[in-house]
Amino acid sequence: SHKNIQYFIRPMSAAYDVNFEKYIDTTIVKIIGDTLKNKWFTYSVEMRYDKKVNSNAFFNIGLIAQDSIDFNIDGVEIFKDDKRFEEYPCEFEKRNFPNESDMSWVENTSIPILNASDNINLKDLSKLKIHVENSSVIALGESTHGTKEFYTLRTRIIKYLIDSLNFEVVAFESGFENYHLANRLLETSTIPTRKIVDSLFTTNIYKTNEVVKLIDLIRKDNLNKLQKKTVISGFDAQGYYFEGASLAQDFKEKDSTINKLIREINLRIRNTNIKQKDTIYKLSIILYDRFKLIKNDLINSHKELNFLLLDKRISSLVNGLYLKYLFEEVKRENNNGWSLANTFRDSLMAENVIWLKQYYKGKKIIILCHNAHVQKNKIGSFEQTTQGYFLQKKLPKGDYKSFAFLTAEGELTGYKKYPRETVQVFKPYKSCYEYYFAKMKDSIFFLPLLQNKETFNHKNIVSGLKMREAGYGISDGYD
């Protein structure tokens, strides 16, 4: 970086084949590539520039290489109205890739996992016990959403945590939405699990066969239990639209004012006009004030309602709408508020996990979300604060454990547009962990980090690499 201009190179914008212009930056108008001598290329990136933006605006210039190659940037020139405005040379920190000593340490330290899909014989997972047995919140990450291999293996680990270590809550990176209803249907109805999953989740990344198998496994296990049945939940702060639709239905005959407010929010929420966002935020405040006003009357007249959960759903809707408002503010001002908005989101996620612990009276929880959320350290030069960071600070020492998941090969089933479409994860490139871990003798393994004294003697592994697509290093963020 140089003063107020930020550059970056991303060897992969996403882990699956994407349209080049669509996924780099929404402000990009066109990208032109020309071949120069000795395999050098020149890329011209034209962007819209809002004259109202102050001088501290940041522009992201991304380059994508869809293969395992290395490349450098010789320099960056900035033109304004066809006249050269600035020119900066690019300086890069020399990176030391893992050597034989590093890889030998990984081989000797890692714990092999014999099978990814055998949910009956779990003996090989018993070696994980020492790393998780004293914790009540276990986070199982994913470097890409919707990846088949992650959910297949995580289902097996979840089964082990439920059966052997008495975990009773499985929470997904999605809003609270209709989980209370889904748990009831899973226990009492004959509705197929597939239909429940399709109606429960708001995005396609969870509407996969792997997630159906996980929830079906939980459902069948619960049939054989008289107590300590496993429940599913959400904990994200972005389920506002579907939570709103659910709440509107719940209040249809209980309070016409709240019902009308939520319906009006739902009508406005997909409008991209920023004035609508301002109105939505104000309506959400009116909604919450109205709920507090009538709360006691509702408790007296509708004793069948679960008001602890209802209160949380209302507050989650309001917080989610404010989060949406923050993100829209960032887009409108074209500033660096992304870090603030994402930090707010992760703080809400952590708050929701802690609320789940209280609501389920101390039951042990498994949370499933992106590696970027579960890590314990802050992200990037702007120090975006993660859910894992908040949980580590708020929970007793050792009570929260986070585990990143990554794969050298895989299939993205959560992004399928058509039933027969197959989307493959790209091959690993040299600057990411997957490139080196793919060479291990064990095809599936667990590498303990924070509980291993030798970990930080191998900085080429711990801090010298990135996870493909996610772009975050291991650092001190994962167990």
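In this chain, residues are counted from 1 in sequence order.
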Discussion item. Taking CD1 in Ile130 as the centre, count heavy atoms belonging to other residues, nucleotides or ligands within less than 6.0 Å. Is the count above 12?
Written reply: no
Worksheet item: Any chance NZ of Lys127 has more than 12 other-residue heavy atoms, nucleotides or ligands included, within less than 6.0 Å?
Response: no
Fill in: Pairs flagged by salt bridge (Lys or Arg N to Asp or Glu O under 4.0 Å) wherever residues 194-212 is involved - sequence neighbours left out
Arg194-Asp198
Item to complete: For the pair Lys394 and Val353, evaluate side chain to side chain contact (heavy atoms under 4.5 Å, CB included) and give the outcome as yes or no after the intermediate values.
Response: CA-CA 11 Å; Lys394 293 182 178 183; Val353 171; over 6 Å; no
Item to complete: Apply side-chain contact (heavy atoms from CB on, under 4.5 Å) to Ser443 and list each qualifying residue two or more places apart in sequence or on a separate chain.
Response: none
Item to complete: State, with a plain yes or no, whether a side-chain heavy atom of Thr413 is found less than 4.5 Å away from one of Asn209.
Response: no
Worksheet entry | Minimum heavy-atom distance Ser135-Gly398, with the two atoms named | OG-O, 2.6 Å
Worksheet item: Who pairs with Ser126 by side-chain contact (heavy atoms from CB on, under 4.5 Å), at least two apart in sequence or on another chain?
Response: Tyr160
Worksheet item: With a 4.5 Å limit on heavy-atom distance, are the side chains of Thr230 and Ile158 in contact?
Response: no
Response to the item:
Separation between NZ (Lys229) and CG (Leu186), nearest 0.5 Å, reads 11.0 Å
Item to complete: Determine whether Glu142 and Thr147 make a side-chain contact, defined as any pair of heavy atoms from C-beta on separated by less than 4.5 Å.
Response: no
Worksheet entry | Pairs involving residues 98-124, ordered by first then second residue, that meet salt bridge (Lys or Arg N to Asp or Glu O under 4.0 Å) (sequence neighbours left out) | Asp124-Arg156
Fill in: Those residues that, when tested against Thr193, pass side-chain hydrogen bond (donor to acceptor under 3.5 Å, both in side chains) (two or more places apart)
Asp216, Arg219
Discussion item. For Thr109, give me all partners under side-chain contact (heavy atoms from CB on, under 4.5 Å), at least two apart in sequence or on another chain.
Written reply: Trp105, Leu447, Pro448, Asn452
Worksheet item: Is the shortest heavy-atom distance from the side chain of Val106 to the side chain of Tyr436 under 4.5 Å?
Response: no
Worksheet item: Looking only at heavy atoms, what is the nearest atom pair of Ser143 and Phe150, with distance?
Response: OG-CZ, 3.4 Å
Item to complete: Using the test side-chain hydrogen bond (donor to acceptor under 3.5 Å, both in side chains), find all partners of Tyr151 that sit at least two apart in sequence or belong to another chain.
Response: Arg154
Per-pair distances, 0.1 Å, donor-acceptor, side chain in residues 162-173, under 3.5 Å, sequence neighbours excluded:
from   : atom 1 : to     : atom 2 : distance (Å)
Asp163 : OD2    : Lys159 : NZ     : 3.0
Glu173 : OE1    : His370 : N      : 3.0
Glu173 : OE2    : Arg345 : NH2    : 3.0
Glu173 : OE2    : His373 : NE2    : 3.3

Worksheet item: For atom CG of Leu223, is the number of surrounding heavy atoms from other residues, nucleotides or ligands below 6.0 Å larger than 12?
Response: yes
Worksheet item: Closest approach of Leu391 and Ala350, non-hydrogen atoms and distance?
Response: CD2-O, 3.6 Å
Practice prompt. With rounding to the nearest 0.5 Å, note down the distance linking OG in Ser136 to NZ in Lys401.
Written response: 10.5 Å
Discussion item. To the closest 0.5 Å, what do you measure between NZ (Lys378) and OG1 (Thr343)?
Written reply: 8.0 Å
Item to complete: Using distance alone, with no hydrogens and no angle criterion, decide if Asp346 and Thr386 have a side-chain donor and acceptor under 3.5 Å apart.
Response: no
Fill in: Heavy-atom check, side chain of Trp355 versus side chain of Leu309, under 4.5 Å
yes
Item to complete: Verify side chain to side chain contact (heavy atoms under 4.5 Å, CB included) between Asn352 and Asn319, making sure each step is shown before the conclusion.
Response: CA-CA 11 Å; Asn352 289 341; Asn319 283 332; over 6 Å; no
Practice prompt. Could you tell me the separation between the OG1 atom of Thr208 and the NE2 atom of His145, rounded to the nearest 0.5 Å?
Written response: 13.0 Å
Discussion item. For Met440 versus Ser110, what's the shortest heavy-atom pair and its separation?
Written reply: CE-OG, 3.5 Å
Worksheet entry | Lys225 atom NZ, neighbour heavy-atom count above 12 within 6.0 Å | yes
Item to complete: Starting from the C-alpha separation in whole Å, work towards a yes-or-no answer on side chain to side chain contact (heavy atoms under 4.5 Å, CB included) for Thr155 and Lys213.
Response: CA-CA 8 Å; Thr155 295; Lys213 288 177 182 177; 5.7 Å; no
Item to complete: Please report the shortest heavy-atom distance between Ile444 and Asn115, naming the atom on each side.
Response: CD1-C, 4.1 Å
Worksheet item: Counting distance only, does the side-chain N/O of Ser104 pair as donor-acceptor with the main-chain N or O of Ser101 below 3.5 Å?
Response: no
Practice prompt. Using the test side-chain contact (heavy atoms from CB on, under 4.5 Å), find all partners of Ala139 that sit at least two apart in sequence or belong to another chain.
Written response: Ile367, Val374, Tyr400, Ser402
Worksheet item: After noting the C-alpha distance and the side-chain angles of Thr152 and Lys148, does the key distance pass the side chain to side chain contact (heavy atoms under 4.5 Å, CB included) rule?
Response: CA-CA 6 Å; Thr152 301; Lys148 177 179 180 179; 4.0 Å; yes
Worksheet item: To the nearest 0.5 Å, how far apart are CG in Leu200 and OG in Ser174?
Response: 6.5 Å
Discussion item. Tell me if the OH atom of Tyr359 is crowded by more than 12 foreign heavy atoms within 6.0 Å.
Written reply: yes
Response to the item:
Output for pair (Ile366 CD1, Ile157 CD1), nearest 0.5 Å, gives 9.5 Å
Worksheet, complete the sentence: So the ring pair (Phe, Tyr, Trp, His ring centres under 6.0 Å) pairs with at least one residue in residues 179-198 (sequence neighbours excluded) are none
Worksheet item: Do His131 and Phe403 have ring centres separated by under 6.0 Å?
Response: no
Practice prompt. State whether the side chain of Asp236 and the backbone N or O of Met349 hold a donor-acceptor pair below 3.5 Å, judged by distance alone.
Written response: no
Worksheet item: Of all residues at least two apart in sequence or in a different chain, which pass the side-chain hydrogen bond (donor to acceptor under 3.5 Å, both in side chains) check with Glu133?
Response: none
Discussion item. So which atom in Glu149 and which in Gly410 form the shortest heavy-atom distance, rounded to 0.1 Å?
Written reply: OE1-CA, 3.1 Å
Worksheet item: With side chains defined as the heavy atoms from C-beta onward, is the minimum distance between Leu317 and Leu321 less than 4.5 Å?
Response: yes
Discussion item. Measuring only between side-chain heavy atoms, which start at C-beta, is Glu187 closer than 4.5 Å to Asn222?
Written reply: no
Worksheet entry | Beyond-backbone contact of Ile215 with Ile196, side-chain heavy atoms, under 4.5 angstrom | no
Worksheet item: Listed by chain and number, what are the salt bridge (Lys or Arg N to Asp or Glu O under 4.0 Å) partners of Lys312, not counting sequence neighbours?
Response: Glu351
